[in-house]
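Below, read A as the first sequence line, B as the second, and so on, with proteins coming before strands; counting in each chain starts at 1.
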Number of protein chains: 4
Amino acid sequence: MSSTLTLGNISLSIFGESHGPAIGAVIDNLPAGEELDIERIYKFMARRAPKKDGTSTMRSETDTPEIISGFYNGKTTGEALCAVIKNKDQHSADYKSISELARPGHADYTAFLRYNGSNDPRGGGHFSGRLTAPLVFAGAVCEQMLEKRGITTAAHIYSIAGENDRPFDPVNVNAEQLKLVKTRYLPVLDKNADEKMRSVIDRARNDLNSVGGIIECCAVGFPAGLGSPIYNGIENRVSQLVFGIPAVKGIEFGIGFEAAAIYGSENNDEFYIENGEIKTRTNNSGGILGGISNGMPIIFRAAIKPTPSIARPQNTVNFVKKENSVMEIKGRHDPCVVPRAVPCVEAALNVALMSFLV
Amino acid sequence: MSSTLTLGNISLSIFGESHGPAIGAVIDNLPAGEELDIERIYKFMARRAPKKDGTSTMRSETDTPEIISGFYNGKTTGEALCAVIKNKDQHSADYKSISELARPGHADYTAFLRYNGSNDPRGGGHFSGRLTAPLVFAGAVCEQMLEKRGITTAAHIYSIAGENDRPFDPVNVNAEQLKLVKTRYLPVLDKNADEKMRSVIDRARNDLNSVGGIIECCAVGFPAGLGSPIYNGIENRVSQLVFGIPAVKGIEFGIGFEAAAIYGSENNDEFYIENGEIKTRTNNSGGILGGISNGMPIIFRAAIKPTPSIARPQNTVNFVKKENSVMEIKGRHDPCVVPRAVPCVEAALNVALMSFLV
Amino acid sequence: MSSTLTLGNISLSIFGESHGPAIGAVIDNLPAGEELDIERIYKFMARRAPKKDGTSTMRSETDTPEIISGFYNGKTTGEALCAVIKNKDQHSADYKSISELARPGHADYTAFLRYNGSNDPRGGGHFSGRLTAPLVFAGAVCEQMLEKRGITTAAHIYSIAGENDRPFDPVNVNAEQLKLVKTRYLPVLDKNADEKMRSVIDRARNDLNSVGGIIECCAVGFPAGLGSPIYNGIENRVSQLVFGIPAVKGIEFGIGFEAAAIYGSENNDEFYIENGEIKTRTNNSGGILGGISNGMPIIFRAAIKPTPSIARPQNTVNFVKKENSVMEIKGRHDPCVVPRAVPCVEAALNVALMSFLV
Amino acid sequence: MSSTLTLGNISLSIFGESHGPAIGAVIDNLPAGEELDIERIYKFMARRAPKKDGTSTMRSETDTPEIISGFYNGKTTGEALCAVIKNKDQHSADYKSISELARPGHADYTAFLRYNGSNDPRGGGHFSGRLTAPLVFAGAVCEQMLEKRGITTAAHIYSIAGENDRPFDPVNVNAEQLKLVKTRYLPVLDKNADEKMRSVIDRARNDLNSVGGIIECCAVGFPAGLGSPIYNGIENRVSQLVFGIPAVKGIEFGIGFEAAAIYGSENNDEFYIENGEIKTRTNNSGGILGGISNGMPIIFRAAIKPTPSIARPQNTVNFVKKENSVMEIKGRHDPCVVPRAVPCVEAALNVALMSFLV
């Protein structure tokens, strides 16, 4: 398989190419009878749309999903939910001239090999960041189902090119904070971070360059005792989904890589009882022990690489003629995809968490 | 599912509890007719055995896998390969007194919730690091199949508690270097790192504490053009397997999290032609673009948390009686599992890569 | 899952409800670079359309699939192929009055239980025979891929209400015969059977009743040595797909149930060499031994029950109010779905066979 | 995959070769905390053992499963349950002389092709009927879990070589009848059928021949509303498992193929209310509508072909040398496997039903 994923009783199938007729998702076996607020799904998906403030591309993408199955009388039917998002505003001409040239950092060359040259290269085809829209749709649907079960999730920009936001408080983060950050144009906790991040993105754009960043994602209210050891743990399912977002190069749960440098006595989260509930004083584990939730906030971070499409001339190869070449990537490109990747990472978490509740 | 994983045409099922009769693995649909050098499998698995030099526990674990199916006349039959590893030397008594106490950093409490108290808690049960032995068996088998296809893999200790080894050269690393590092007692590239790491482990042990680290893993010779975008890419499959190793808290491919802090112009790996072959001058992508191999070395790192079992008294809870408590973990425990986790991470890569070749 | 099926490296996801906006299929991981003759797909699908001659409903269903992904420049891209078929001509009103009454032989009551009353009941919703159209699309696509590999498949009406066609000659059936029967309005081998079948269907319709039948399906040219024992054999995959066609109540391979009544000496197919090729003199096994093809024609039959929707008054229950009731089913219904099910069964075989070739 | 099957949240992996060290099964994700009566599992498995009365082979197979994981303190742990059954009493010499000759009706030739000659041919290897023992173990475990949920299953011999037992009453069959038939040496409902079947088997044995038959299987107490339309219905899951039993050539649910010959008005099961419960007056559907249980007994039949191993000389080929040959199969073989297949078919149903309850 390529873009079909089975997580326990749920399966998610992402289809489409960037400049083909449409993209979309089929999500099979979500619970029946769940009311869906469609406007709210649109709003969730709008968070992935290009920002109008210069932090991202000026392409107008109105990604309105059309739900064509699994939804009736305002509620899920329990059958496969399929949403289709029509493609438009395609400047395929921008891409045509470079289709034999491997854009550095892109999958042009590897896709050519994998599909014997039959893949649709326009706009990155199936490899385009645009293919995260169906995931975001799935995540927006799951968000509402999670909320009805008392679970709130959100992601924020942890850093862009080294400019840091305040991290989530891994012990005390709460639903209100999560809901608040989702309303922000640039989703950061510390308003000062907003300006610094904008400025580093601006600089990159002016420099015909790009920057990456880190996204931190959190769930509160997820019941303790869900997940499994070894291959069906929360980390396994979340990482499968998160690595389905094109620019992701790393993921860490709890304190993640930092755990590698400290002592066991520091890393271990001591348990205690508070109001009859079992909690931990720290939350270095990110709310997951043995693949199973322990009732503390679930926290992870994903590393997003800088957009590979930059306007500067780059050395590369013509992979058909097998000769060295130099290329300039035309078209409009995000100098930073991190803000737009925030709802994608959140969506990945939402789908993963729902898979444990079905 | 819990411990069964399907990767394309391959499936891997890990079974067993630390102090039950046996543990093992079933690997289904490996190629038929592959000769297996059993001694070499033993040697691969011995790399996971406790070190006798004080860097790990003194328990004697002779994990001799018995292949009970899928192997005939020195070759794989193409049917499910099952290996069973008998358990012995169990000091279950050491654990009995604490079975209602949640060892901090362990899955005692979450497993209790997940399995309504019916899981086998002795020695960590199915959550024990011992359950990596079947994975290592699977990885040892795949190592030989990969080698026949010109693919070499190895992992080394990238760091322990902040003491670093020299990293793999992501562009020039070659099969000989990989084969060499696998022969070392402490698998490091820089001999000086060996001593520093031993000393930091020694200090932790003397201090009744533990340390973690980072493991770096590499494959060379893996053909370009294998993998898939979105949910069946190399990153997805590797991370599914690597997060099946209990202490792993993070994974990053290529330069991983570092990519989040640099410019696109720095991160993009420029392509060029060398002797008619397409290569990249840098290898920040870790040999993977769009989930598909590009022919460069595949490189990733996994963060290993410090062993949660430390001899110091720790605050915790009795999760049955729901009351605060203090516990001291008896028994012999590794002050650092990183050296023993090296072949586990390597095995995870081996299984993931084979899944693209079947 | 409900309507997602993974067969080795292929997955098929069927979505939609009969009177919702659209139905469709996602087929993931078909080979890249396969030319598709779209007109021919339409023709294949037209074989499933209602017959205009009175053997089936008068509803006009123009099931034109729109391929919205996985297809570019006349060829498959290797990415998920998604086709959407818009619904129209819905007389939902016909169904509204009976939505609390369980039509005998239909899934109204079981669907109500399964989905807590949230399923879309209009026209049978996801349980409608209409949901075979996406399968037929998938089968039409696979037919062309199989043909390029020298494999021909076809199904014919083996019997309707006891009126029999001549069966396929299990040893000598050939590609031309298979291609010919697909062109027939009522796909039968013996022209005399055509008339008898029409007359039995006519009688049923006039009698406000319905009839079922048996469909026989065959593949020639499928290479020997494909398939697997136990759970991934040809029988397993074919039967999974065939039982996805609503009215199917049984399936048998080769001589099937007849084998239960004869001697081993009669049932065993003796092997012999002809022109250097291994063949069998009889083909009671239906071309499958141990789940694996032996190079002889693959043959199976599927039993199709009589259409449950009949115009006669029937005793039933109101499953919401839990009281006895009598109902008359309004609307236009096929007195016999067997002719329309022929391409469905053929499509199921096509998809199953392709799953062994990817 | 070959012998690994995933059904919703459950997975089953069958491993082993007939004359290898051992065979066995891993069943992943059964519920935790289920008490298992091991003696009762042995008794269930003993029903599959060769009969001592001449109706089957005289080989002594003592198939004692050793549970090596997933079972602790008399209860399931919720982790993968693995049972290993050691092989013994192997007369491999009997088979050696014929390993290049394709036994008619067996998978020798197809297995040779599939595995490039590397499969273990001794005693049929992985294709042996012996590989049903692990399935029967899994079914014996599930039987106890089903019983605790008020569900009873049983199979009986419906016919052998045309000699019929009385069928289950599809409407009134009850748990006591099912429990009773399981205690019988030859599991038939009508004591007179016993003698007739023995005599037809005797005749076949004396004649150096073999006979097949039909097994009918039933579940009562299975709750209404479980299952799914299209690809995860009860028929789909049961048939996947039943076609994993080597000699099965057909399966039908309810009245099955008979439905093809009657009118809709006869076939439709009318609903009615009895004591507030919804029932059907007939049960032609076999308790399944749209893939979902309707609360009536679940009934299906499987066709078992005559044992292909017969002592008579048979024409065949040497598939290595590609030349015609004649062979006599030595060794002890069942003249009829139907009695021994009864618990296999029952086991398949048990596993399928449990997959809807997890």
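- For Leu81(C), no part lies near chain A; criterion is any non-hydrogen pair under 4.5 Å.
- The two residues Ala22(A) and Ser69(C) come nearest to each other via the heavy atoms O-CB, 4.2 Å.
- Proximity to chain A is limited to the backbone of Ile14(C), based on heavy atoms less than 4.5 angstrom apart.
- For Asn116(C), no part sits under 4.5 Å from any heavy atom of chain A, backbone or side chain.
- By the 6.0 Å contact criterion, NZ on Lys43(C) is open, its count of non-hydrogen atoms from other residues, nucleotides or ligands being 12 or less.
- The OG1 atom of Thr4(A) sits 11.0 Å away from the CG atom of Leu5(C) when rounded to the nearest 0.5 Å.
- Residue contact with chain A, scored on non-hydrogen atoms closer than 4.5 Å, involves the side chain of Val84(C) exclusively.
- Side-chain contact between Phe15(A) and Ile68(C): present, with at least one pair of heavy atoms (C-beta onward) separated by less than 4.5 Å.
- The salt bridge (charged side-chain N to carboxylate O under 4.0 Å, His left out) search around Arg149(C) returns Glu34(C), not counting sequence neighbours.
- Residues passing the side-chain contact (heavy atoms from CB on, under 4.5 Å) test with Ser355(C), sequence neighbours excluded: Leu7(C), Ile10(C), Arg237(C).
- Taking both residues in full, the closest heavy atoms of Gly33(C) and Ser118(A) are given as CA-OG, 3.0 Å, listed atom of the first, atom of the second, then distance.
- The closest side-chain heavy-atom distance from Tyr72(A) to Pro121(C) is below 4.5 Å.
- Side chains of Phe127(C) and Glu79(A) form a contact here, defined as non-hydrogen atoms less than 4.5 Å apart.
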Could you walk me through whether Thr77(C) and His126(A) pass the side-chain contact (heavy atoms from CB on, under 4.5 Å) test, one step at a time? CA-CA 9 Å; Thr77(C) 64; His126(A) 192 63; over 6 Å; no

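- Asp28(C) is listed as a side-chain neighbour of Ser3(A), based on a closest heavy-atom distance under 4.5 Å.
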